[in-house]
Amino acid sequence: MAWTCEVCGRIFTQKDQPHACASHSLETNFSGVKAKWLPLYQRLLGKATVDLPEFTEFFPATGVMWRHSATFAEIKCKQDALEALFFSQRLRPERNPTRHLQTSANRVIHVVEFVDETIFADLMAWILESYRLTLTNKPRNSAMTP
């Protein structure tokens with residue numbers, strides 16, 4: 001049975017799961033030198049709300065997680081680019097990942113950097129694949145950071 005922390009709203013599989021509650025927001029994650037990336041993120045989010053099934057945003061300190069019953073994508077704000085993290089069943093080198101992490105025999109996290117909208121169509125297809133793939137996951141809290 002899932003447990004939701006009353007302080008930070010994170011969902012865990014174990015009741016009273018130890019964790020660090022942190023209250024972040026879109027504005028705090030895109031503050032300072034990273035503020036220049038907020039309009040690009042907002043355009044990506046606009047496309048995602050049209051192209052993807054229903055999901056919610058969650059704001060850990062590392063960026064913005066997109067979730068249904070599990071996290072299926074994370075957008076991180078770096079100084080020089082935005083990073084999209086998403087799952088696939090296998091390594092897909094044609095996606096030109098900046099880096100990747102094999103999390104299990106049939107799960108790979110791809111990290112793709114972008115600085116403009118030219119990648120949005122491909123990125124939405126990859127994130128949709130991740131959405132569908134993670135629907136089979138049980139709800140749990142797991143950082144996607146490789």
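Along the sequence shown, residues are numbered consecutively beginning with 1.
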S.K.: What's the separation between atom CG in Leu26 and atom CZ in Phe30, rounded to the nearest 0.5 Å?
M.R.: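 Separation between the atoms: 5.5 Å.
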S.K.: Using distance only, find each side-chain donor-acceptor pair of residues 111-119 under 3.5 Å and give its atom names and separation, not counting sequence neighbours.
M.R.:
residue: Asp116; atom: OD1; partner: Thr118; partner atom: N; Å: 3.0
residue: Asp116; atom: OD1; partner: Thr118; partner atom: OG1; Å: 2.5
residue: Glu117; atom: OE2; partner: Arg43; partner atom: NE; Å: 2.2

S.K.: Return the minimal non-hydrogen interatomic distance between Pro93 and Pro97, and the atom names on each side.
M.R.: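 That would be O-CD, 3.8 Å.
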S.K.: Evaluate side chain to side chain contact (heavy atoms under 4.5 Å, CB included) for Met65 paired with Ile75, printing each intermediate quantity in order.
M.R.: CA-CA 6 Å; Met65 290 183 174; Ile75 310 300; over 6 Å; no
S.K.: According to side-chain contact (heavy atoms from CB on, under 4.5 Å), who are the partners of Glu129, at least two apart in sequence or on a separate chain?
M.R.: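 For Glu129, the residues satisfying side-chain contact (heavy atoms from CB on, under 4.5 Å) (neighbours in sequence not counted) are Ser88, Arg92, Arg95.
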S.K.: Work out which heavy atom in Val108 is nearest to a heavy atom in Arg90; give both atom names and the distance.
M.R.: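 So the minimum-distance heavy-atom pair works out to CG2-C, 3.7 Å.
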S.K.: List the residues meeting side chain to side chain donor-acceptor pair (under 3.5 Å) with Lys78, not counting sequence neighbours, and say none if there are none.
M.R.: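 Side chain to side chain donor-acceptor pair (under 3.5 Å) check on Lys78 returns nothing, list empty.
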S.K.: With a 3.5 Å cut-off and sequence neighbours excluded, list the donor-acceptor pairs that the side chains of residues 51-61 form with protein atoms.
M.R.:
residue: Asp51; atom: OD2; partner: Lys47; partner atom: NZ; Å: 2.8
residue: Glu57; atom: OE2; partner: Tyr41; partner atom: OH; Å: 2.4

S.K.: Look up atom NE2 in His68 and atom OH in Tyr131, then write down how far apart they are to the nearest 0.5 Å.
M.R.: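 Between atom NE2 of His68 and atom OH of Tyr131 there are 5.5 Å.
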S.K.: Could you tell me whether a side-chain N or O of Ser130 sits under 3.5 Å from a main-chain N or O of Phe72, the two making a donor and an acceptor?
M.R.: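 Answer holds: yes.
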S.K.: Check side chain to side chain donor-acceptor pair (under 3.5 Å) between Asp16 and all other residues, then give those that pass, not counting sequence neighbours.
M.R.: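 Side chain to side chain donor-acceptor pair (under 3.5 Å) check on Asp16 returns nothing, list empty.
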S.K.: Looking only at atom types and distance, does a side-chain atom of Arg107 sit under 3.5 Å from a main-chain N or O of Leu133, one as donor and one as acceptor?
M.R.: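 Yes; judged by distance alone, with no hydrogens or angles, the pair exists.
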S.K.: Name the atoms and distances for all side-chain donor-acceptor pairs under 3.5 Å in residues 79-87, with sequence neighbours left out.
M.R.:
residue: Glu83; atom: OE1; partner: Arg99; partner atom: NH2; Å: 3.4
residue: Glu83; atom: OE2; partner: Arg99; partner atom: NH1; Å: 3.0

S.K.: Step by step, would you call His110 with Leu91 a side chain to side chain contact (heavy atoms under 4.5 Å, CB included)?
M.R.: CA-CA 8 Å; His110 291 75; Leu91 179 59; 3.8 Å; yes
S.K.: Looking at Phe120 and Leu40, what are the two nearest heavy atoms and their distance?
M.R.: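 Closest approach of Phe120 to Leu40, heavy atoms only: CZ-CD1, 3.6 Å.
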S.K.: Roughly how far, to the nearest 0.5 Å, is the CD1 atom of Ile127 from the OG1 atom of Thr134?
M.R.: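 Separation between the atoms: 11.0 Å.
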